[in-house]
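Encoded as structure tokens, the structure appears first; notes follow it.
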Protein chains: 2
Amino acid sequence: MDSRNASSTTSIRDVARRANVSLATVSRAFAEPGLVRAETLERVLAVAEELHYRPSRAARSLTTGKTGNIGLVVPDLGNPFFSAILKGGQARAREADYSVFLADSEENSRLELELVRAMAPQVDGVIICSSRLSEAQLQQLHRETTLVLLNRRVHGVSAVLLDSAGGMRQAIEHLVALGHLRIGFIGGPADSWSNRERRRGLRAEARARSLDIVEFGPFAPHFEGGQHAADLAVAAEVTAVVAFNDLMALGVLSRLADRGIGVPDDISVVGFDNIPMAGMATPHLTTVALPLEQSGRVAIELLLEQLAQPGSGTHEQGLAAQLIVRASTAPPRNGVLSGSRVGRATQAPEETTAISES
Amino acid sequence: MDSRNASSTTSIRDVARRANVSLATVSRAFAEPGLVRAETLERVLAVAEELHYRPSRAARSLTTGKTGNIGLVVPDLGNPFFSAILKGGQARAREADYSVFLADSEENSRLELELVRAMAPQVDGVIICSSRLSEAQLQQLHRETTLVLLNRRVHGVSAVLLDSAGGMRQAIEHLVALGHLRIGFIGGPADSWSNRERRRGLRAEARARSLDIVEFGPFAPHFEGGQHAADLAVAAEVTAVVAFNDLMALGVLSRLADRGIGVPDDISVVGFDNIPMAGMATPHLTTVALPLEQSGRVAIELLLEQLAQPGSGTHEQGLAAQLIVRASTAPPRNGVLSGSRVGRATQAPEETTAISES
DNA sequence: GCACAGAATGTAACCGGTTGCAGAAACTGT
DNA sequence: ACAGTTTCTGCAACCGGTTACATTCTGTGC
């Protein structure tokens with residue numbers, strides 16, 4: 001009844017016998033076709049085809065040490081930010097005839113470490129997106145396997161970096177041009193590199209333009225976090241908010257709509273990432289577009305490069321952000337909403353609350 | 001400089017030598033601990049621990065034929081519907097100490113077939129979500145590897161089925177209760193099983209309640225498809241529309257908002273899938289919730305079960321849908337929007353346009 | 001103390017490939 | 001036709017485990 005794998009027993013020996021050559025020749029026909037005479041090659045391939053022979057990766061990897069697999073670890077598969085990266089990475093990997101192992105670390109650094117370690121023996125290298133691990137841990141992992149980071153910079157490890165700070169600069173520039181002077185930032189996870197980058201860009205810009213900045217958070221980088229933060233932003237009487245990511249910005253939009261507060265009339269909202277849903281929200285969300293799929297592709301490329309020439313040093317590839325102006329930003333109203341100035345002061349406290357368990 | 005893999009050279013032989021036992025004993029210590037004396041076992045494990053020894057999956061799979069991997073193929077990673085399934089499946093697989101290979105078939109049946117074939121040798125089984133392949137092709141694949149389908153029913157192949165038809169019944173029931181009599185259905189891909197199921201449910205219900213149904217499509221199951229369809233629905237003067245999925249429903253919402261048509265005042269909108277974004281849209285989308293993560297988990301379980309006892313026959317596991325009533329549905333206005341009745345007739349033509357290239 | 005069953009361990013073949021080395025075949029120039 | 005290359009091909013060891021079978025312990029009953 002269970003005839004499967006019956007045909008998968010076709011091994012290199014069957015082909016060799018049938019083609020009347022040695023094992024080695026068949027092996028070379030696949031691995032190094034240049035080494036075998038055209039005529040022989042043709043015969044071998046014909047027989048292989050006839051027998052539906054496919055070299056076993058497991059067996060091959062046993063001797064070569066190469067698996068043809070790449071590991072990809074993301075903090076949350078449900079987050080479209082990572083879906084997009086994954087999509088790009090997966091596609092690029094397939095083009096290079098690599099398979100991808102996927103793992104979701106559930107925004108938990110302990111689990112992340114464990115997952116990478118578990119993957120390491122079965123892959124040629126792993127890509128970690130928005131890692132929550134410490135610099136030392138990542139360097140240690142890089143010693144155990146080939147690593148490429150996405151959205152995280154660590155000395156000695158190749159990485160593709162989305163220019164969050166630059167994106168933030170564009171966002172602030174845009175808001176200032178519209179006339180906003182008091183702007184809120186809704187922070188993401190404290191241990192996230194991009195959050196730090198975005199804040200860094202924000203602060204630099206605020207200083208340069210002597211803006212009034214109110215920082216909220218950290219919050220979980222989800223819709224609910226945005227909803228939560230929305231009320232704080234309103235209370236703090238900012239005329240515009242920039243959210244750590246689109247999911248949170250959408251949460252802000254949603255909460256403000258529920259409260260009857262107009263966007264962009266009463267408050268302007270800017271997101272980050274330009275996930276597909278951003279352009280679909282009401283109002284269409286102004287956001288900083290990050291080349292997500294591309295970053296996934298580039299990460300794979302960096303990894304492949306490193307696999308091809310080990311010890312070729314580490315590369316960092318920056319990818320530019322671009323502000324997408326849509327309908328959620330406009331000049332502020334002249335009149336202030338109401339009440340007195342509330343909210344946290346400009347000098348935001350260092351975050352102490354970690355979102356992810358470590 | 002490149003010290004990696006230096007430690008990975010720890011093989012079973014090193015452990016055997018150090019523990020002063022034979023290879024076989026070490027092997028058994030890991031594979032069948034019951035076969036080795038407690039004292040010996042302890043010693044072996046201690047040495048293994050000390051040497052950071054981890055059995056090589058590749059080598060093991062070479063003799064056992066088991067890889068410890070599961071393949072997962074989805075039509076579109078960018079679609080939150082599949083992200084959710086993936087998330088559930090990935091988590092369940094990890095619990096069972098299986099790794100998952102991911103592939104995105106880009107809604108292309110040819111690519112899908114190729115991907116499954118490519119995965120087959122490296123996995124113990126594969127799960128195909130919303131397959132676009134023909135029944136015969138799937139049966140053939142099931143002969144080549146262990147298959148579990150998600151959201152697709154094919155004779156002789158295990159599957160987890162989301163009760164789309166039942167969900168549709170609930171949606172229609174809801175709309176009828178609100179007083180809607182002329183309802184539009186915005187169809188998804190013609191070759192999608194769930195689309196057929198949803199239509200089947202729709203028609204049954206329409207017949208039973210003698211409703212006026214207008215079918216549109218097929219459309220690509222994306223936001224843009226919904227935007228496109230929105231205008232058609234308006235022109236057809238339906239008072240409510242049910243979309244093939246939430247993404248499309250959100251597209252409808254967006255397009256209607258752009259045109260100044262009120263939801264639910266002028267038209268009620270119902271989606272399908274209850275993706276996270278559905279509850280975040282404005283207005284919050286009434287939709288049919290499908291247990292997505294759970295379906296991913298169950299698919300893995302079905303597969304594991306089948307791997308444990310091959311030839312145990314095929315199982316089909318149904319998962320119930322549930323209507324989530326939110327703010328996008330309300331009783332219809334008494335007055336009709338305007339103009340004369342336009343749009344396609346009730347008896348929708350069989351779809352002939354395929355979305356996915358085959 | 002001995003024969004014997006059952007448990008623990010070792011031996012060696014095997015899984016399906018790759019690859020260094022050596023011998024065979026095909027080509028070169030003379 | 002022959003020596004000298006260059007190109008192909010085969011042999012055999014090896015990758016890191018598993019497992020059938022053989023062998024050695026261990027404990028038991030008498």
Side-chain angles (χ1 to χ4, degrees), chain A residues 5-48 51-69 97 99 120-124, chain B residues 4-48 51-69 97 120-124:
Chain A
N5 295 333
S7 65
S8 82
T9 53
T10 311
S11 97
I12 199 171
R13 295 161 217 273
D14 304 313
V15 179
R17 199 172 309 126
R18 196 91 140 66
N20 207 28
V21 293
S22 74
L23 297 191
T25 303
V26 179
S27 173
R28 281 189 276 255
F30 284 89
E32 208 74 49
L35 289 181
V36 25
R37 188 162 45 130
E39 190 185 328
T40 315
L41 179 60
E42 193 181 342
R43 178 157 40 99
V44 170
L45 292 182
V47 171
L51 266 44
H52 296 103
Y53 166 72
R54 315 247 308 160
S56 146
R57 285 225 180 189
R60 176 174 296 177
S61 77
L62 201 49
T63 44
T64 61
K66 305 285 160 215
T67 61
N69 300 150
D97 205 29
S99 302
Q122 337 184 35
V123 301
D124 293 339
Chain B
R4 71 181 126 282
N5 296 336
S7 63
S8 82
T9 53
T10 311
S11 97
I12 199 172
R13 295 161 218 273
D14 304 314
V15 179
R17 198 172 310 125
R18 197 90 139 67
N20 207 28
V21 292
S22 74
L23 297 190
T25 303
V26 179
S27 175
R28 283 190 275 255
F30 285 89
E32 208 74 49
L35 288 182
V36 27
R37 187 162 46 128
E39 190 186 328
T40 315
L41 178 61
E42 194 181 342
R43 178 156 41 99
V44 169
L45 293 182
V47 170
L51 266 45
H52 297 102
Y53 166 73
R54 315 246 308 159
S56 147
R57 285 225 180 187
R60 175 174 298 177
S61 77
L62 200 49
T63 44
T64 61
K66 305 282 161 220
T67 61
N69 300 151
D97 205 31
Q122 336 183 36
V123 301
D124 294 338

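Here is the naming used below: chain letters follow the sequence lines, and residue numbers restart at 1 for every chain.
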Starting at atom [atom1] of [X], determine the distance to atom [atom2] of [N], rounded to an integer number of angstrom.
| X | N | atom1 | atom2 | value |
| --- | --- | --- | --- | --- |
| R17(A) | dG16(C) | CZ | P | 11 Å |
| L51(A) | dG16(C) | CG | C1' | 15 Å |
| I12(A) | dG10(D) | CD1 | C1' | 13 Å |
| Y53(A) | dG17(C) | OH | C1' | 7 Å |
| E39(A) | dT7(D) | CD | C1' | 14 Å |
| L35(B) | dA20(D) | CG | C1' | 13 Å |
| F30(A) | dT9(D) | CZ | C1' | 17 Å |
| Q122(A) | dG16(D) | CD | P | 16 Å |

Review point. Are the side chain of T67(A) and the backbone of D124(A) linked by a donor-acceptor contact shorter than 3.5 Å?
Key: yes

Review point. Would you say the side chain of V44(B) lies within less than 4.5 Å of the side chain of V36(B), judging by non-hydrogen atoms?
Key: no

Check your understanding: Base, sugar-phosphate, or nothing for R54(A), non-hydrogen atoms under 4.0 angstrom?
Key -> sugar-phosphate

Exercise for review: Give one of base, sugar-phosphate or nothing for T40(A), where a contact means two heavy atoms less than 4.0 Å apart.
Suggested key: sugar-phosphate

Give, for atom [atom1] of [X] and atom [atom2] of [Y], the distance between the pair rounded to the nearest 0.5 Å.
| X | Y | atom1 | atom2 | value |
| --- | --- | --- | --- | --- |
| T40(A) | L35(A) | OG1 | CG | 12.0 Å |
| R60(B) | L62(B) | CZ | CG | 12.5 Å |
| L45(B) | R43(B) | CG | CZ | 11.0 Å |

**Study point:** Side chain of S27(A) (C-beta onward), nearest among dG16(C), dG17(C), dT18(D)
**Key:** dG17(C)

Check your understanding: When the C1' atoms of the five terminal pairs at each end define the local axes, what inter-axis angle does the helix from dG1(C)-dC30(D) to dT30(C)-dA1(D) show, to 10 degrees?
Key -> 30°

Quick check on [N]: is either OP1 or OP2 less than 4.0 Å from any side-chain nitrogen or oxygen of [X]?
| X | N | result |
| --- | --- | --- |
| R28(A) | dT9(D) | no |
| T64(A) | dT18(C) | no |
| R60(A) | dT18(C) | yes |
| T63(B) | dG17(D) | no |

Using every non-hydrogen atom in the two residues, find where [X] and [Y] come nearest and quote the distance to one decimal.
| X | Y | answer |
| --- | --- | --- |
| S61(A) | A58(A) | OG-O, 3.0 Å |
| I12(B) | L23(B) | CD1-O, 3.8 Å |
| V26(B) | V21(B) | CG2-CG2, 3.7 Å |

**Study point:** By salt bridge (Lys or Arg N to Asp or Glu O under 4.0 Å) - contacts of R54(B) (at least two apart)
**Key:** none

**Study point:** Residues from residues 19-26 of chain B lying under 4.0 Å of DNA chain D - heavy atoms
**Key:** A24(B)

Check your understanding: When you check the gap from the basic side-chain N to the acidic O, do D97(A) and R57(A) get nearer than 4.0 Å?
Key -> yes

